[in-house]
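The residues of the chain are indexed from 1 along the displayed sequence. Indexing begins at 1, ligand by ligand and atom by atom, following the structure's order.
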Amino acid sequence: MPMHNAEIADAFEDLADLLEVEDANPFRVRAYRNAARVIRSNRRRIADLAAEDLTDLPEVGEDLAQKIRALVETGELPALEEVRKRVPQSISEMMRIEGLGAKKVKALYEGLGVKGLEDLKQAAEEGRVAELEGFGEKTQEMILERAADAAEKEQRSLRNDAEDVAEPLLAYLEAIDGVKQVELAGSYRRRKETVGDLDILVTAERGTPVMQRFVDYDEVAEVASRGDTRSTVHLRSGMQVDLRLLPQVSFGAALHYFTGSKAHNVAVRKLGRKRGYKLNEYGVFEGDQRIAGRTEEDVFASLDLPYIPPDLRENRGEIEAAREDRLPDMVRLGDIRGDLHCHTRYTDGHAGLRAMAEAARELGREYLAITDHTQNLKVVNGLDAKRLRRQMAEIDRLNDELEGITLLKGAEVDILEDGDLDLPDDVLQALDLTVCSLHSKFDLPRNQQTERVLRALDHPAFRILGHPTGRRLNQRPPLALDLEKVMRAAAERGRFLEVSAQPDRLDLNDEACLLARELGVQVAISTDAHTAADLDLMRYGLEQARRGWLEKKHVINTRTLKQLQKLLQN
Ligand code: DGT
Ligand code: CA
Ligand code: CA
Ligand code: ZN
């Protein structure tokens, strides 16, 4: 059974974590992390690629290719086994606590000898953590709060990882003779940014061996329960899957029920009760009479509601909006005309300007902003004014030559600790746009962090706030920032916020998108592409924008180039 991309990526991430604790060369740590990212987001199954093909992947040279082969063939990564001899493996458990990075974990290990979550909890309870240099009462409390979570809760899967697992399984089920409908409900269908487990609903002709085939699926590691109408398994990737076999007459009701969210269901049921109906996963009932249930449309129609798309079913006002016929006309992928954040070989991207431009054109984009990092970010060889000027000249030359796509001259400008921007004003003013981002000092107190961003917003060259909260799903919590204040200021000054489509960022998230809509700030949905293939990540950002009720008019990269340029000049 070949390894999943996610499993390979996890091994390299573990390696990077442990090396970081060991204080290894940061470039090496970064190389493994980048490789993990490339592997995780690759469409093809890495385990099926030959050694030569592996080096074609961005970030993967001879050395890494060899490590990947070894891992795929033996199930072990020798370099990882080596570090594990030096650093207890359980140490990386501690990194699952949001907010505890390698540096802090290392200090805890060396200073207190804590080797894992259990040790750490005990040390915190005894008050020893607060006494350690660089830690205090607040950190200790945070650890106590989050350690229990980290121990219990399996991490939720990122949406794109869940897709890698779900899509082949759905195809497998659909191919079974006699199977009629297969739908994946739950948070997956609502396009939530992370997924706890997969909830699959199936209808089939009588006598179809659905359950048998399900538990026989190649990727099943363990069958947790098996029945005639419901089974639960755990896949090798760690994902839990519930499968329910349903009669046709209640498929729509079940699909609605198991799509959720729970809060949405509760609100819909209440609405039904007001009319004297009973709603459950079998249908809508008036007395003993089933009045709806075959399709979701029927279920909504029985309550005089139009169809509510799954993306909106979070009980955030969608039922009232549906009743009053003012559901949002959510932005679609086809509305997107350009991409306003990407990197090239000048810094930490893996393709040149031309290759990025051609890939964007291939996807139907009309414009692409090149936004490499700036000088403060040394680890990626950030651009100083001189190198940026050189890139700008190259963009001018390319624009003369290229048909069907326009490159915009931009930069992802570091916001410095005091809110200054990381390039001289004259070069900033010469750019078509800036994406201004926080890449350091994540732990400033909320007031100070907010002031820092507000100051940056005041700079005349500021255009878009990149990945505003800095969160990395399953890795780093959002930084303390008064988003409402920032949004109000952005709205006043005609600035924009980014919705990063990077699957582990999705930042702004859905709720923040709703707030942006309410406060009248427009957003840019951007891929932050580091490879040509990354330009196709757009849909992940789009999904969260849709969950946040955003429409075409709220998203600046749905504008034509001319309209956008006007908006940016303001
Ligand atoms: P997840 O798996 O944590 O990402 O989130 P969901 O939304 O997929 O939740 P899950 O798998 O526990 O259940 C799937 C759906 O089934 C959920 O969205 C709504 C429905 N459901 C489950 N339990 C209940 C319940 O106790 N009451 C109601 N009203 N609905 C429920
Ligand atoms: Ca679920
Ligand atoms: Ca479930
Ligand atoms: Zn960035």
Option nearest atom 17 (C) of ligand 1 (shortest heavy-atom distance, choices Ser157, Ala254, Gly260): Gly260
Part of Tyr188 within contact of ligand 1 (heavy atoms, under 4.0 Å): neither
Cationic N near anionic O, under 4.0 Å, Asp348 to Arg30: yes
Under 3.5 Å: donor-acceptor pair, side chain of Glu7, backbone of His4: yes
Side-chain ion pair, Asp372 and Arg387, N-O less than 4.0 Å: no
Atom indices of ligand 1 within 4.0 angstrom of Arg190 heavy atoms, with elements: 7 (O), 18 (O)
Nitrogen or oxygen of Val266 less than 3.5 angstrom from that of ligand 1: no
Considering only N, O or S atoms of Asp197, the one closest to the Ca ion (ligand 2): OD1
The Ca ion (ligand 2) - closest N/O/S atom in Asp199: OD2
Arg505 and Ser500 side chains, donor-acceptor separation under 3.5 Å: no
Test ring pair (Phe, Tyr, Trp, His ring centres under 6.0 Å) applied to Tyr346 and His373, step by step: CA-CA 9 Å; Tyr346 274 82; His373 289 288; over 10 Å; no
Heteroatom test (N, O or S) for Asp242 near the Ca ion (ligand 2), limit 3.0 Å: no
His264 side chain to Glu314 side chain, donor-acceptor N/O pair below 3.5 angstrom: no
Arg495 (side chain) donor-acceptor with Phe462 (main chain) under 3.5 angstrom: yes
Pair Glu13 + Arg40, salt bridge at N-O below 4.0 Å: yes
Near the Zn ion (ligand 4) (under 2.8 Å) - protein N, O or S atoms: Glu412 OE2, His439 NE2, His467 NE2
Distance filter under 4.0 Å to Thr259 heavy atoms, resulting ligand 1 atoms: 18 (O)
Residue of the set Arg190, Lys192, Arg191 for which side chain to side chain donor-acceptor pair (under 3.5 Å) holds with Glu543: Arg191
Check ion pair Glu163-Arg539 (N to O, under 4.0 angstrom): yes
Atom indices of ligand 1, in the order listed, that fall short of 4.0 Å to a heavy atom of Asn265: 19 (C), 20 (C), 29 (N), 30 (N)
Flag side-chain contact, heavy atom, 4.5 Å: Arg159 against Pro503: no
Per-atom contacts of ligand 1 with Gly186, taking only distances under 4.0 Å to non-hydrogen atoms: 8 (O)
Which of the ligand 1 atoms, numbered from 1, are nearer than 4.0 Å to a heavy atom of Phe258: 14 (C), 15 (C), 16 (O)
Per-residue contact class, Asp199 against ligand 1 - non-hydrogen pairs under 4.0 Å: side chain
Sub-4.0 Å atoms of ligand 1 with respect to non-hydrogen atoms of Val195: 4 (O)
Any N or O of Arg156 closer than 3.5 Å to N or O of ligand 1: yes
Pair Tyr172 + Tyr217: ring centers closer than 6.0 Å: yes
Cationic N near anionic O, under 4.0 Å, Asp311 to Arg546: yes
The one among Glu281, Glu314, Lys262 that brings a heavy atom closest to atom 28 (C) of ligand 1: Lys262
